[in-house]
Amino acid sequence: MFELEDDDASRREKCYTTIAQLSAFIDPKQPPTKRSPFSAILNQPFSHTVEVTLPRDVYTTIENSLASKLQKLSYARLSMSLTSLIDGDFFNTYIKSGNILMISEGRSGLDSVYTLRDGVLRLELGKEDFERTGLEGKPVRTGGKKHAKERYLVELNLRLPSMLHGKKGFQRIEWAFKNVLSQPVTWLFFDLGTELAGVSEDDVSLKGNNPSIISCEPALTIHESVATPSFCDLEISETMSEEMKDLCGEISEWLSMVSLGSQRMSTDDDIDSYLCRYDAPEIGETKALDIVTLKWHGFIPPKWAMQLFITFFRETAPRIAGPQAWFALSASALGKEAIEGKDGYSIMALPPAKSAGAESSTQEDQDAETKDSRRSICWEFVGASVL
């Protein structure tokens with residue numbers, strides 16, 4: 001047998017798991033922002049893939065309703081320089097008074113990478129470019145790599161009152177963009193201030209930047225006869241025991257293997273146990289179910305992912321989709337930081353736990369609301385260095 005040794009990179013990989021109680025009602029206009037799993041969605045500014053997993057019979061029940069409630073998603077690919085970003089109508093329309101998300105091409109830790117979020121322009125630069133710009137910045141952690149070149153991060157809040165043409169500090173930024181960081185780069189663009197799903201095809205402010213409008217449609221995949229645990233029988237204790245930690249890890253692994261379409265998930269799989277000893281998590285009675293995955297691939301902002309989660313949460317409520325309905329949402333990070341950057345997250349909304357006989361309410365409405373109360377498991381994945 002080969003001797004497999006742990007490397008430093010694998011030791012830095014982490015998974016933060018949080019179990020939370022979800023309210024029976026979540027306001028889509030004012031969702032929670034500071035508690036899990038909502039904080040995990042909002043803390044990942046850029047995603048390239050979002051996937052929803054749920055039983056086929058649940059999807060069939062809510063399919064028609066989803067078609068009318070899910071917001072269409074589109075974004076733009078632009079070619080523009082940093083100078084164009086702070087010039088003319090684009091600067092006034094989208095940065096000063098608007099709200100947009102942008103990320104440039106390039107690999108964090110190796111190339112110059114720019115992002116724009118909440119009016120803050122972040123420039124990740126190599127040491128030579130950073131010194132030539134004359135802008136203030138801070139060193140980026142290298143993760144202890146021996147041959148990694150020193151890099152710096154510059155953050156510019158373009159919404160400050162001082163960020164105006166003619167102001168002394170702003171002239172310094174203009175000079176750096178014209179004389180040092182002058183190369184046009186390709187950006188992905190999403191307008192958060194519009195109800196037109198990210199970008200409008202007749203947007204005059206984008207015309208001079210060679211925009212390419214890209215629609216993001218979900219790809220539907222059906223996985224037949226998947227060995228599926230009975231998640232309504234999952235008993236979650238208040239204290240996080242070792243057994244519960246292991247079980248959460250097994251559920252996360254099960255969701256990943258469903259997403260990959262692994263043959264080991266099929267109840268008809270007859271592989272020799274010497275080659276693979278994988279079994280589904282032991283939660284209640286394991287049944288053969290058809291599982292549906294919906295996958296969006298593109299430039300996906302947290303605001304859209306949040307609305308997607310809330311829509312599925314409301315549509316899979318027990319009174320609509322049945323007492324055993326569940327779904328899982330996962331997102332993969334785009335443009336993550338080179339050192340210990342977030343890889344993404346997975347969130348599973350469990351069916352209501354079977355009531356354990358306690359005090360029963362006399363009012364039917366209160367009983368129904370208790371039945372709709374659900375728990376969630378949130379996994380946040382932090383990766384090792386990509387340098």
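- F299 and V113 fall into different hydrophobic clusters, defined by Ile, Leu, Val, Met, Phe, Trp and Tyr side-chain heavy atoms under 4.5 Å apart, directly or through other members.
- The salt bridge (charged side-chain N to carboxylate O under 4.0 Å, His left out) check on K96 picks up nothing, with sequence neighbours excluded.
- Contacts of Y345 classified as ring-ring contact (aromatic ring centres under 6.0 Å, His included), with partners at least two apart in sequence or in another chain: none.
- Linking ILVMFWY side-chain heavy atoms closer than 4.5 Å, directly or via other members, places L85 and L164 in two distinct hydrophobic clusters.
- A ring pair (Phe, Tyr, Trp, His ring centres under 6.0 Å) check over residues 119-139, counting only residues at least two apart or in different chains, returns the pairs F130-Y152.
- Other residues, nucleotides and ligands contribute over 12 non-hydrogen atoms within 6.0 Å of the CD atom of E155.
- Evaluation of the side-chain hydrogen bond (donor to acceptor under 3.5 Å, both in side chains) test over residues 257-266, restricted to residues two or more places apart or in two chains, returns E51-S259, R264-D269.
- Checked against salt bridge (charged side-chain N to carboxylate O under 4.0 Å, His left out), K295 has no partners two or more places apart in sequence or in another chain.
- Taking R107 as the reference, D111 meet the salt bridge (charged side-chain N to carboxylate O under 4.0 Å, His left out) condition, with sequence neighbours excluded.
- Only one option out of L125, L123, V185, L82 pairs with S112 in a side chain to side chain contact (heavy atoms under 4.5 Å, CB included); it is L125.
- The salt bridge (charged side-chain N to carboxylate O under 4.0 Å, His left out) search around R56 returns D290, not counting sequence neighbours.
- Residues satisfying the side-chain contact (heavy atoms from CB on, under 4.5 Å) criterion with K178, sequence neighbours excluded, are T83.
- Here H165 pairs with F91, F170 under the ring-ring contact (aromatic ring centres under 6.0 Å, His included) rule; sequence neighbours left out.
- Legend: residues meeting side-chain contact (heavy atoms from CB on, under 4.5 Å) with P37, ordered by chain and number and at least two apart, are L22, F309, I347, S376, C378.
- At most 12 non-hydrogen atoms from other residues, nucleotides or ligands lie less than 6.0 angstrom from CZ of R77.
- Side-chain rings of F381 and Y16 stay apart, their centers remaining 6.0 Å or farther from each other.
- Under the 4.5 Å side-chain criterion, counting only non-hydrogen atoms from C-beta, V120 is not in contact with L158.
- Heavy atoms from other residues, nucleotides or ligands lying under 6.0 Å from CD of E285 number 12 at most.
- Minimum interatomic distance between S330 and S346 (heavy atoms only, all atoms of both residues): CB-OG, 3.3 Å.
- Shown here are the ring-ring contact (aromatic ring centres under 6.0 Å, His included) partners of W379, two or more places apart in sequence or in another chain: there are none.
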Donor-acceptor contacts, no H, no angles, side chain residues 217-229, under 3.5 Å, sequence neighbours left out:
{"unit_1": "H223", "atom_1": "NE2", "unit_2": "V258", "atom_2": "O", "d": "3.4"}
{"unit_1": "H223", "atom_1": "NE2", "unit_2": "T293", "atom_2": "OG1", "d": "3.4"}
{"unit_1": "S225", "atom_1": "OG", "unit_2": "T267", "atom_2": "OG1", "d": "2.4"}
{"unit_1": "T228", "atom_1": "OG1", "unit_2": "V226", "atom_2": "O", "d": "2.9"}

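- Here the two rings, on W304 and Y75, have centers that are 6.0 Å apart or farther.
- A pairwise comparison of heavy atoms in R151 and E124 identifies NE-OE2, 2.9 Å as the closest pair.
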